[in-house]
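Shown next, in structure tokens, is the structure this report addresses.
Just so you know, ligand 1 is whichever comes first in the structure, and atom 1 is the first atom listed for that ligand. Numbering of residues begins at 1 and proceeds along the displayed sequence. The figures here come from the full heavy-atom set of this structure, side chains too, leaving out hydrogens, waters and symmetry mates.
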Amino acid sequence: MKKVTRLGLIMIMGLVMLLAACGSSETSGGDEKKKLRVVTDAAYAPFESLEGDQVVGFDVDFLSAVLEEAGYEVVQPEHVGWDPLFIEIESKEADLAISAITINDDRKQTYDFSFPYFLSTNKILVPEGSDIKSGADLEGKVVAVQNGTTGQETAEAILGKNSKDIKKFENNNLAIMELEAGGADAVVADNTVIEEYAKNNPEKNLVVIEDPSFAAEYYGLMFPKDSELVSELNEAINKVFDSGKYAEIYEEWFGSEPDVDNLKAQQ
Ligand code: ARG
């Protein structure tokens, strides 16, 4: 008897929720929010990584704030992988990509970018006690990178474009695994990613080497060429900067204050 009552209660609750849902969609009428398709490579914590089937990270929270500000439905980026995301944007199968993507001249020929939203630079991840102390020391060493990233470019600038000593991986986690397995002497990747990794995995005894000659890079949302979304979302990005929402999300993920003025000065 007790079971039946509980079941009955659950059914009533379900019915109430259903009615409430119908009610709200009726009242919101025609102005249902537009939904964009956003793609990413969720193997780049703390920007985007998979937690079960959820993509989480700074990029995800920043994207949510921007979509909300622009009046779009707040969606999660879909994990498609790094090389595929460029294909999806070029062929316009997706509306935009967010994936710690560095804005650069080469990519600008094929894609459009939003205003910069994050300052980054490449750094070098090595085992403790390594004799690699600078970028130049990578010469003659085996370097693991994620294929098609600015980390690869940085390594190529030192080792040469077709160097066999550069091992390229589909994602950055695989590059780090190669280092840990002893198949590479270093990984070159975005500072925040390898710094977090070294900090969160102290038992791996890894250290991060900085080379001041490595360029400053800025991340942007990436769109198909001539997408109308660019100016719309740029406006939303500035509102997210100005409202303090950006600083709030940044502090949540990185525990420090962002230099919003510097980001805005790049526009
Ligand atoms: N910022 C670098 C680039 O644009 C690396 C980005 C890699 N992102 C990722 N989600 N795996 O080349």
Side-chain angles (χ1 to χ4, degrees), residues 37-51 54-64 76-90 94 96-125 135 143-159 161 166-179 184 186-198 200 208 210-211 214-224 250 253-254 258 263 266:
R37 178 152 184 269
V38 185
V39 288
T40 193
D41 170 38
Y44 218 58
F47 294 100
E48 44 267 325
S49 61
L50 283 171
E51 242 177 58
Q54 295 284 104
V55 181
V56 299
F58 172 80
D59 277 356
V60 181
D61 291 351
F62 172 65
L63 172 75
S64 297
Q76 273 227 330
E78 196 184 309
H79 170 56
V80 298
W82 180 249
D83 291 332
L85 77 79
F86 287 92
I87 297 166
E88 296 237 19
I89 298 298
E90 192 175 359
L96 71 121
I98 185 162
S99 207
I101 305 171
T102 299
I103 305 168
N104 63 28
D105 288 340
D106 189 31
R107 290 173 182 162
K108 272 193 203 160
Q109 295 183 3
T110 318
Y111 312 96
D112 275 352
F113 286 91
S114 70
F115 290 151
Y117 71 87
F118 194 87
L119 170 63
S120 175
T121 187
N122 275 285
K123 287 191 184 175
I124 309 164
L125 183 68
V143 182
V145 296
Q146 182 181 10
N147 186 50
T149 59
T150 55
Q152 178 183 333
E153 275 173 36
T154 306
E156 283 175 347
I158 298 160
L159 298 180
K161 202 156 171 56
I166 301 176
K167 291 191 179 175
K168 299 165 202 145
F169 295 88
E170 184 185 322
N171 71 53
N172 197 59
N173 295 338
L174 293 173
I176 295 177
M177 280 168 66
E178 184 72 5
L179 174 73
V187 168
V188 178
D190 292 355
N191 64 317
T192 313
V193 172
I194 55 177
E195 278 160 0
E196 283 276 303
Y197 186 84
N200 295 336
V208 174
E210 185 175 353
D211 186 315
F214 290 179
E217 303 183 10
Y218 290 93
Y219 298 163
L221 307 179
M222 191 174 82
F223 305 86
Y250 190 103
W253 282 97
F254 308 118
L263 289 173
Q266 310 303 318

Using modelled atom types and a 3.5 Å cut-off, is there a donor and acceptor pairing between side-chain atoms of Asn173 and backbone atoms of Tyr44? no

If I compare all heavy atoms of Ile98 with all of Thr40, which pair ends up nearest, and what's the gap? O-OG1, 2.7 Å

Can you check whether [X] and [Y] have ring centres sitting under 6.0 Å from each other?
X: Phe62; Y: Tyr117; answer: yes
X: Phe115; Y: Tyr218; answer: no
X: Phe58; Y: Phe254; answer: yes

Is there a heavy atom of [X] sitting under 4.0 angstrom from any atom of ligand 1?
X: Phe47; result: no
X: Ala100; result: yes
X: Arg107; result: yes
X: Ile101; result: yes

among protein heavy atoms, the one nearest atom 10 (N) of ligand 1 is Ser99 OG, 2.8 Å

protein heavy-atom neighbour closest to atom 11 (N) of ligand 1 works out as Asp41 OD2, 2.8 Å

Within ligand 1, which atoms have a heavy atom of Tyr219 less than 4.0 Å away? 1 (N)

Please check if atom CD in Glu178 has more than 12 non-hydrogen atoms from other residues, nucleotides or ligands closer than 6.0 Å. yes

Short N/O distance, under 3.5 Å, between [X] and ligand 1?
X: Thr149; answer: no
X: Asp190; answer: yes
X: Thr102; answer: yes

Given the options Phe118, Trp82, Tyr219, Ile101 meets side-chain contact (heavy atoms from CB on, under 4.5 Å) only with Trp82

